Amino acid sequence: MQREAFIQQLWLDYVHHQPDIGGLRLWPVTTRVEYLTLLTLSHGPWEMDALLPLLAKHGYQPRHRYAMADRGLLVTLLATADHQAPSLVLAELQLGTLSRGPRERLRRLVDRAEARPSLTLPCGGRPWPMPSWDDYQALAQAHPLAGWLAVMGTRVHHTGFDCHDIGDDIDRLDAQLHQAGFFGDADRQRGVFPVSPLLDYRFYATHSQRLPFADGDLHRVPLGGLALVQKRVNANQERCAELLLPHHTRCELG
């Protein structure tokens with residue numbers, strides 16, 4: 001599959017689950033996405049190192065790896081030789097950071113998967129059954145991303161746009177999004193991972209969606225969001241995605 005088609009499928013899967021983002025018309029629909037954040041977990045064929053060869057088939061190679069023990073995450077930034085292509089931020093939830101009860105709940109659920117990542121990518125998805133509402137609540141309380149992965153599987157959690165590519169200032173864009181019903185948070189600990197102080201940052205949680213759980217009951221749950229980033233030093237030659245994650249969390253690629 002060509003890289004453009006791969007990114008398009010990731011995007012379509014993302015807006016299918018975030019319809020309020022798909023309906024935004026505050027900037028041209030052709031505006032380049034700076035990065036897409038994919039979530040996975042450190043278990044079986046969904047481990048990061050098992051997914052990297054699948055992403056390499058679409059031209060994505062690891063650039064940097066980051067360890068965030070306080071978040072229970074290992075993150076790899078991937079890019080292609082095409083400077084215009086979006087970067088991928090692959091975040092792996094470390095099951096070992098969960099307490100025993102939630103860890104075993106999530107592991108049992110994932111072990112019931114009916115397909116492997118080679119069949120579910122590029123769209124990703126949830127190849128295991130939907131959890132019960134009680135299981136979801138226990139997982140979300142233990143770690144928000146554990147709950148998210150239980151109901152969503154391996155797919156895009158949120159996308160990030162560079163304000164420079166949109167052609168406007170982050171404060172003006174924030175005001176426009178506020179008028180459209182999105183309330184941004186400048187706390188750079190929001191989203192999935194902490195964000196470098198080299199960037200101005202806003203995270204916008206999308207509206208929760210009603211999902212059917214295993215017991216047949218419907219509940220609203222948060223499914224992701226949208227981020228805006230802007231360089232604080234315009235003379236910096238790196239792309240925003242390359243500056244996104246705090247430098248002190250960087251570790252050697254294995």
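These numbers come from a predicted model, not from an experiment.
Within the 4.5 Å cutoff, no side-chain heavy atoms of Ser42 are placed close to those of Leu74. Residues Val75 and Val192 have side chains not in contact (no heavy-atom distance under 4.5 Å, counting atoms from C-beta outward). Phe183 has its side chain within reach of His178: a pair of non-hydrogen atoms, C-beta onward, lies under 4.5 Å apart. Taking 4.5 Å as the limit, every side-chain heavy atom of Ile166 sits out of range of all side-chain heavy atoms of Leu26. Counting only heavy atoms from C-beta outward, the side chains of Leu51 and Glu92 never approach each other to under 4.5 Å. A 4.5 Å side-chain heavy-atom check between Val33 and Trp11 finds at least one atom pair inside the cut-off. Two residues are said to be in side-chain contact when any heavy atoms from C-beta on lie closer than 4.5 Å; Val221 and Ser208 fail this criterion. Taking the side chain as every heavy atom from C-beta outward, Leu198 and Arg232 never approach each other to under 4.5 Å.
Interatomic distance, CG of Leu90 versus OG1 of Thr154, reported as 8.5 Å (0.5 Å rounding). Separation of atoms CG (Leu109) and NE2 (His43) is listed at 10.0 Å; rounding is to 0.5 Å. Atoms OH and OG1, on Tyr35 and Thr37 in that order, are 5.0 Å from each other to the nearest 0.5 Å. Put simply, OG1 on Thr249 and CZ on Phe193 are 10.0 Å apart, with the number rounded to the nearest 0.5 Å. From Arg105, atom CZ reaches atom CG of Leu139 across 6.5 Å, with rounding to the nearest 0.5 Å. Of the inter-residue distances, the one linking Tyr204 atom OH with Asp174 atom CG reads 3.5 Å to the nearest 0.5 angstrom.
Using the six-membered ring where Trp is involved, Tyr60 and Phe6 have ring planes that are tilted, between 30° and 60° apart. Relative ring orientation between Phe161 and Trp27 is described as tilted, the plane-to-plane angle lying within the 30° to 60° band. Ring-plane geometry between Tyr201 and Phe203 is classed as parallel, the angle between the planes falling under 30 degrees on a 0 to 90 degree scale with a further cut at 60.
By the 6.0 Å contact criterion, CZ on Arg220 is enclosed, its count of non-hydrogen atoms from other residues, nucleotides or ligands being greater than 12. For His164, the NE2 atom counts as loosely surrounded, since its 6.0 Å shell holds 12 or fewer non-hydrogen atoms of other residues, nucleotides or ligands. When the shell of 6.0 Å around CD of Glu4 is examined, it contains more than 12 heavy atoms from other residues, nucleotides or ligands.
Residues Gln84 and Arg32 share a closest heavy-atom pair of O-CD, 2.6 Å. Across all their heavy atoms, Leu145 and Leu93 have their closest contact at C-CD2, 4.1 Å. Here the closest non-hydrogen pair linking Phe213 and Pro131 is CD2-O, 3.3 Å. Considering all non-hydrogen atoms of both residues, His158 and Gly225 come closest at CB-O, 3.0 Å. Of all heavy-atom pairs spanning Arg63 and Thr80, the tightest one is NH2-O, 3.6 Å. Pairing each heavy atom of Gln18 with each of Leu223, the nearest pair is NE2-O, 2.8 Å.
Shown are Asp168, Leu228, Leu199, Val229; of these, the side-chain contact (heavy atoms from CB on, under 4.5 Å) with Cys163 is made only by Leu228.
Electrostatic pairing of Arg239 and Glu34 counts as a salt bridge here, judged by a charged N lying under 4.0 Å from a carboxylate O.
Side chain of Ser132 to backbone of Ala214: no donor-acceptor contact under 3.5 angstrom is found. For His143 (side chain) and Arg71 (main-chain N/O), a donor-acceptor pair under 3.5 Å exists by modelled atom type. The closest donor-acceptor contact from the side chain of Arg103 to the backbone of Leu98 lies under 3.5 Å.
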Would Val89 and Leu244 count as a side-chain contact (heavy atoms from CB on, under 4.5 Å) here? Give the steps. CA-CA 10 Å; Val89 183; Leu244 182 66; 4.1 Å; yes
Given side-chain contact (heavy atoms from CB on, under 4.5 Å), test Asp13 with Val156 step by step and report yes or no. CA-CA 8 Å; Asp13 181 69; Val156 174; 5.8 Å; no
Evaluation steps, side-chain contact (heavy atoms from CB on, under 4.5 Å), between Val151 and Met130: CA-CA 6 Å; Val151 300; Met130 192 70 170; 3.7 Å; yes
Please report the C-alpha distance between Tyr14 and Leu226 in whole Å, then the side-chain angles of each, then the deciding distance to 0.1 Å, and finally whether the side-chain contact (heavy atoms from CB on, under 4.5 Å) criterion is met. CA-CA 11 Å; Tyr14 164 70; Leu226 170 77; 4.2 Å; yes
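Residues that satisfy the salt bridge (charged side-chain N to carboxylate O under 4.0 Å, His left out) test with Asp82, not counting sequence neighbours, are Arg3. A search for salt bridge (charged side-chain N to carboxylate O under 4.0 Å, His left out) contacts involving Asp169 returns nothing, not counting sequence neighbours. Take His207 and apply the ring pair (Phe, Tyr, Trp, His ring centres under 6.0 Å) test, not counting sequence neighbours, and it matches Phe182. With sequence neighbours excluded, the residues that form a ring pair (Phe, Tyr, Trp, His ring centres under 6.0 Å) with His157 are Trp148. Residues satisfying the salt bridge (charged side-chain N to carboxylate O under 4.0 Å, His left out) test with Asp171, not counting sequence neighbours, are Arg202. Judged as a salt bridge (charged side-chain N to carboxylate O under 4.0 Å, His left out), and not counting sequence neighbours, Arg108 has no contacts.
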